[in-house]
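Notes follow the structure.
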Amino acid sequence: MEEGGPSREEPTSWEDLYNVNLVPSELFLKFRKEIEGFRVGVNLEFLLVFSPLGDHLHQFYNNPSNEYLAKLVLKPLSPERRWKFICEPLHREVRLLSKKIPVTKFLNLQVGIGHNFQLQATGWKWKLTTCLGGDGVSRIRNKTSLGLCPGVDFRFGWRADYVLPEITGAVGTGEPLFNMNSGKLEASLDRVEAIFSQ
């Protein structure tokens, strides 16, 4: 192509521009009950591993990589609640976690202490989280709730990684006068939660 002429770095197909995955990798059943200012919860968590190809239902029942977790959760109902207590009986582990503490507008800090009775070990953990960020791409992570009826809610955890379209150009530098990168979007439904409250 001649210098100064339009140049487009277009992908070979629309499938290269976007990818949307609607098969969740985490399924949660949550049962909650409020007792004297506290919320007691039982969480059943299924971490699923699916191959891109094949029968998802068959893989759900037969994949040895799938993991099952059961958690008991206790936390205060007050708006300024500062902690939650988690017990995992199958792993013989207990944890006390702080609520997410805002460090900046988009950055949160959470700290916790835990004890594993099987390993006889106690340790501290901390985690910085944000809804934005990523390596070389921008990321949005969010949860969307849908109330089905009183006492039954569904919550969907989704993620979108994107590179915004970019238009560049130059004159007298040997680079094209007009150059366009179409950007990219990869979105996935990562988690589905069914929440039953009483």
Side-chain angles (χ1 to χ4, degrees), residues 21-52 54-103 107-131 133-135 139-146 148 151-159 161 188-198:
N21 180 13
L22 296 177
V23 179
S25 58
E26 299 177 338
L27 296 177
F28 285 43
L29 286 177
K30 294 185 175 183
F31 301 92
R32 295 175 174 170
K33 185 170 180 62
E34 296 178 5
I35 302 174
E36 297 183 8
F38 291 92
R39 176 182 289 153
V40 179
V42 176
N43 296 354
L44 305 177
E45 306 177 6
F46 303 91
L47 307 178
L48 311 176
V49 177
F50 289 128
S51 165
D55 177 7
H56 291 324
L57 187 61
H58 179 270
Q59 292 178 49
F60 176 81
Y61 288 111
N62 297 296
N63 193 331
S65 299
N66 292 340
E67 187 177 349
Y68 164 76
L69 295 173
K71 293 181 182 176
L72 302 174
V73 181
L74 174 70
K75 61 184 174 183
L77 286 172
S78 62
E80 64 276 356
R81 68 176 186 266
R82 305 193 186 287
W83 58 270
K84 67 178 171 181
F85 176 79
I86 300 172
C87 174
E88 294 186 30
L90 296 178
H91 292 154
R92 299 178 63 196
E93 186 173 332
V94 293
R95 292 192 303 276
L96 184 65
L97 299 177
S98 74
K99 74 172 198 174
K100 291 182 179 176
I101 304 162
V103 178
L107 191 64
N108 298 311
L109 172 67
Q110 188 175 35
V111 295
I113 184 172
H115 181 77
N116 187 305
F117 292 95
Q118 187 172 357
L119 301 175
Q120 293 298 315
T122 301
W124 289 87
K125 282 189 177 181
W126 60 273
K127 179 169 66 170
L128 282 172
T129 59
T130 179
C131 63
D135 295 328
R139 170 173 287 180
I140 297 174
R141 296 182 68 183
N142 210 337
K143 291 181 180 176
T144 302
S145 296
L146 173 66
L148 190 62
V152 180
D153 296 287
F154 283 95
R155 189 159 54 189
F156 305 96
W158 56 271
R159 170 179 54 87
D161 295 331
S188 65
L189 176 65
D190 293 334
R191 172 187 292 197
V192 175
E193 302 179 5
I195 304 170
F196 302 91
S197 304
Q198 187 179 11

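Numbering starts at 1 and runs along the sequence shown.
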Spacing of Phe156 atom CZ and Asp190 atom CG [to the nearest 0.5 Å] = 13.0 Å

ring-ring contact (aromatic ring centres under 6.0 Å, His included) with Phe196: which residues, sequence neighbours excluded?
-> Phe31

Closest approach of Leu22 and Leu189, non-hydrogen atoms and distance?
-> O-CD2, 3.7 Å

All pairs passing salt bridge (charged side-chain N to carboxylate O under 4.0 Å, His left out) where residues 32-43 contributes a residue, at least two apart = none

Return yes when atom CD of Gln120 has more than 12 non-hydrogen atoms of other residues, nucleotides or ligands closer than 6.0 Å, and no otherwise.
-> yes

Quick one: do Asp153 and Arg155 make a salt bridge, cutoff under 4.0 Å?
-> no

Phe28 vs Ile195 side-chain heavy atoms within contact, under 4.5 Å | no

Shortest non-hydrogen contact between Leu97 and Gly112, atoms and distance = CD2-CA, 3.8 Å

All side chain to side chain contact (heavy atoms under 4.5 Å, CB included) counterparts of Asn43, not counting sequence neighbours = Lys30, Glu45, Lys71, Val73

Separation between CZ (Phe154) and CG (Leu146), nearest 0.5 Å, reads 8.0 Å

Counterpart residues, side chain to side chain donor-acceptor pair (under 3.5 Å), relative to Gln110 (two or more places apart) = none

Name the atoms and distances for all side-chain donor-acceptor pairs under 3.5 Å in residues 82-90, with sequence neighbours left out.
{"unit_1": "Glu88", "atom_1": "OE1", "unit_2": "His91", "atom_2": "ND1", "d": "3.0"}
{"unit_1": "Glu88", "atom_1": "OE2", "unit_2": "Arg95", "atom_2": "NH1", "d": "2.8"}
{"unit_1": "Glu88", "atom_1": "OE2", "unit_2": "Arg95", "atom_2": "NH2", "d": "3.1"}

State which residues pass side chain to side chain contact (heavy atoms under 4.5 Å, CB included) with Thr122; sequence neighbours excluded, sorted by chain then number.
-> Ile113, His115

Nearest heavy-atom contact between Lys143 and Gly157 is CG-CA, 4.2 Å

Given the rule in the side chain to side chain contact (heavy atoms under 4.5 Å, CB included) test, do Lys99 and Lys75 qualify, once you have shown the distances and angles that lead to the verdict?
-> CA-CA 10 Å; Lys99 74 172 198 174; Lys75 61 184 174 183; over 6 Å; no

